[in-house]
Amino acid sequence: MKSLVTGGAGFIGSHLVDALVAAGDTVVVLDDLSTGRLANLAGVADRVTFLRGSVAVRADVDQAMAGCDRVFHQAAVASVPATIDAPVDTHFVNLGGTLNVLESARAAGVQRVVFASSAAVYGETDGTACVEAATPRPQSPYAVEKLAAEHYVRVWAPLYGLPTVALRYFNVFGPRQDPSSPYSGVISIFADRLRRGLVPTIFGDGGQTRDFVYVADVVRANLAAGALDAPSGLVCNVGRGESTSLNALYGHLAALLGGPATPGYQPVRAGDIRHSLADISVARAALGYAPTVSVADGLAALVAGG
Ligand code: NAD
Ligand code: UD2
């Protein structure tokens with residue numbers, strides 16, 4: 001099996017590449033290295049074909065797609081604030097890039113496309129678990145781009161007979177998540193600050209909650225989606241189905257890494273969502289997905305460096 005992983009030098013993409021290589025796939029990575037790093041692929045560099053290029057450029061996508069059986073489309077400008085700062089640019093990557101991947105896959109006769117969507121499509125909720133049938137209420141260009149891209153991905157199945165799956169990731173965490181931007185995933189920021197002896201900051205009262213899911217479980221969901229017999233525009237949540245408050249998260253990490261009993265507190269971040277929780281029944285039924293790594297175990301693995 002030959003697989004293309006767009007964004008394969010990034011946090012989630014590189015873990016997926018590792019798993020595909022371990023499963024015996026021939027793997028091609030297309031990545032523009034805007035946030036990804038070749039170091040993330042160091043362990044498999046001799047077994048992966050790396051192409052530096054953009055999903056926004058059809059010729060780059062066609063080159064990477066040649067001879068591939070399936071595509072895991074992870075490449076995106078993954079930062080919500082970046083899409084607020086430059087929505088036209090990110091539209092061409094996050095939406096245009098997805099359209100390029102779909103059309104290139106169709107032309108190449110690819111067997112299936114798995115797309116990395118986001119829980120951001122749901123917008124603000126009342127704290128109950130999000131179900132895929134709920135009306136999405138995107139609140140940022142990022143969320144609009146993911147939702148629109150997801151619709152393309154879904155429609156390409158019945159319209160052109162291209163088997164597709166869209167996975168709505170919740171808050172993914174694990175090794176290789178880059179903590180360098182203020183808008184990086186909160187766990188990578190907290191861990192980085194605690195390691196450097198700095199006090200992390202919680203925006204708001206810390207009562208906001210997220211459904212944190214360890215990257216290995218997200219990889220497993222991708223592998224299941226990539227192996228599905230007849231995916232036909234399936235859209236499903238990928239989380240743990242468990243809620244963790246920011247205060248509880250901080251407590252876990254401070255216990256593991258050492259740190260003050262309480263973090264700093266600052267005002268709520270603009271545009272922040274109070275609660276985000278996945279209902280994972282669709283993924284369980286359709287993909288046989290069952291998260292295996294608890295938040296506590298995932299944090300311990302992260303701290304241990306693996
Ligand atoms: P990441 O930034 O580490 O990975 C994205 C990768 O895409 C990077 O390697 C980057 O260099 C590459 N990329 C960006 N623009 C590109 C372009 N034009 N052409 C080719 N490559 C390009 O982020 P991540 O957390 O690994 O995210 C992977 C995917 O999962 C993204 O689609 C993201 O939107 C989605 N997602 C992530 C989370 C999360 O919690 N991390 C949650 C929901 C959805
Ligand atoms: C959004 C999307 C998610 C994913 C992610 C990409 C939603 C519900 N989720 O996640 O799907 O696409 O963006 O990055 O839209 N925080 C602190 N201190 C810090 C950093 C963060 O308190 O130093 C808080 C932050 O205010 C928020 C929580 O931690 O309440 C999680 O923040 P995040 O940036 O890790 O992810 P989030 O949920 O905005």
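In listed order, ligands and their atoms are each counted from 1.
Ligand 1 has no atom lying under 4.0 Å from any heavy atom of G185. Residue contacts with ligand 1: G97 is excluded, as none of its non-hydrogen atoms falls under 4.0 Å.
Within a 6.0 Å sphere centred on CZ of R137, other residues, nucleotides and ligands contribute 12 heavy atoms or fewer.
Residue-level proximity to ligand 1 for R168 is absent, since no heavy atom of it falls below 4.0 angstrom. At a heavy-atom distance under 4.0 Å, only backbone atoms of S117 (N, CA, C or O) approach ligand 1. Proximity of T35 to ligand 1, defined as any heavy-atom pair under 4.0 Å, is shared by backbone and side chain alike. Residue contacts with ligand 1 for L33 involve N, CA, C or O but no side-chain atom from C-beta outward (heavy atoms, distance under 4.0 Å). For Y142, every heavy-atom contact with ligand 1 shorter than 4.0 Å involves the side chain, none the backbone.
Every N/O-N/O distance between Y169 and ligand 1 stays at or above 3.5 Å. Inclusion of A75 in the set of residues having an N or O under 3.5 Å from an N or O of ligand 1 is not warranted. Note: no N/O pair closer than 3.5 Å links N171 and ligand 1 by distance alone. By the 3.5 Å distance cut-off applied to N or O atoms, D31 is counted among the residues near ligand 1.
Listed by chain and residue number, W156 satisfy the ring pair (Phe, Tyr, Trp, His ring centres under 6.0 Å) test with Y152 (two or more places apart in sequence, or in another chain).
Remark: the T125 side chain and the H275 side chain contain no N/O donor-acceptor pair separated by less than 3.5 Å.
Near ligand 2, A78, V80, S118, A119, A120, Y142, Y169, N171, S184, G185, V186, I189, F190, T201, I202, F203, Q208, R210, L246, R269, D272, I273, S276 each place a heavy atom less than 4.0 angstrom from the ligand.
Every atom of ligand 1 with a heavy atom of G10 under 4.0 Å away is listed here by number and element: 3 (O), 4 (O), 8 (C), 9 (O).
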